[in-house]
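In listed order, ligands and their atoms are each counted from 1.
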Amino acid sequence: MIPTITAFEQSPDRGQGLARDMPVRWAFEEVGQPYNVRLVSFSAMKERAHRTLQPFGQIPTYEEGDLVLFESGAIVFHIAEHHAGLLPNDENARARAIGWMFSALSTVEPVIVQREASLYLENHKVWHEERLPIVEDRIRSRLDDLAARLGDAEWLDGAFSAGDLLMIQVLRRLDGADILNDYPNLMAYVARGEARPAFKRAFSAQLALVPTDEVL
Ligand SMILES: N[C@@H](CCC(=O)N[C@@H](CSCc1ccc([N+](=O)[O-])cc1)C(=O)NCC(=O)O)C(=O)O
């Protein structure tokens, strides 16, 4: 059975592939699993029908038969559990790769999302100018440690895994910011992820939905 995910009907990132359907698309492409996409408008996301799938009124969701999932990380994990190619077979290596999935979403992404909130939602607040540098310092602290751990390695822990997929997707949210430029090995790490044929297929698929005149 071919799973169906939901994605934005109108991409707020205008084709940059930063919304969270992107890691799910990427995971499907890495394991060679076809998938269908149901596009959802901002208003429809908040309706009861969608909230039965995703209680917070967001995308993505995953439907396959009588299984409904939400949380992009959980969906990527489900895909990785049911197909080869995203998690190692070795028990300890698999556990470490899953650890990196959590690290991406609960240690690195939150400070990056705080910066986006500061820039796009709080930029009119009187304390915005004072807060942004504090948030950006928190990001640099995380990137210092991540860059030190990655070093010159190709991926975070041996072969490419779902942990790398999610970490690279999180780091891509800094695209356009100067911050990542200070970490050449992390820039190269993201570039390696973006060079993967599966990433390119996923990126093209989400870009194809964006009207040409809206692409950033
Ligand atoms: N923890 C959930 C979070 C899901 C989530 O944040 N979904 C967002 C889209 S991806 C987040 C996102 C949005 C826009 C950009 N962008 O660059 O424009 C990037 C990422 C959403 O539906 N937002 C609508 C709403 O909350 O009302 C998950 O990982 O699935």
key: Crowding at NZ, K125 (>12 non-hydrogen neighbours, <6.0 Å)   = no
key: Residue pair P23 / V76: nearest heavy atoms and the distance that separates them   = O-CG2, 3.8 Å
query = Given the side-chain rings of H124 and H128, with only the six-membered ring counted for Trp, is the space between their centroids under 6.0 Å?
reply = no
Measure and list all N/O to N/O distances between ligand 1 and the protein that fall under 3.5 angstrom.
from: ligand 1; atom 1: 1 (N); to: E71; atom 2: OE1; distance (Å): 2.7
from: ligand 1; atom 1: 1 (N); to: E71; atom 2: OE2; distance (Å): 3.3
from: ligand 1; atom 1: 6 (O); to: R20; atom 2: NH1; distance (Å): 2.5
from: ligand 1; atom 1: 7 (N); to: I59; atom 2: O; distance (Å): 2.8
from: ligand 1; atom 1: 18 (O); to: D13; atom 2: N; distance (Å): 3.2
from: ligand 1; atom 1: 22 (O); to: I59; atom 2: N; distance (Å): 2.9
from: ligand 1; atom 1: 26 (O); to: Q58; atom 2: NE2; distance (Å): 3.0
from: ligand 1; atom 1: 27 (O); to: K46; atom 2: NZ; distance (Å): 2.6
from: ligand 1; atom 1: 29 (O); to: E71; atom 2: OE1; distance (Å): 3.4
from: ligand 1; atom 1: 29 (O); to: S72; atom 2: N; distance (Å): 3.3
from: ligand 1; atom 1: 29 (O); to: S72; atom 2: OG; distance (Å): 2.6
from: ligand 1; atom 1: 30 (O); to: S72; atom 2: N; distance (Å): 2.8

key: Ring centroid separation Y189 to Y183 under 6.0 Å   = no
query = How far apart are the closest heavy atoms of A177 and R115, and which atoms are they?
reply = CB-NH2, 3.2 Å
request  = For P60 and V24, work out which heavy atoms get closest and say how close.
outcome  = CG-CG2, 4.1 Å
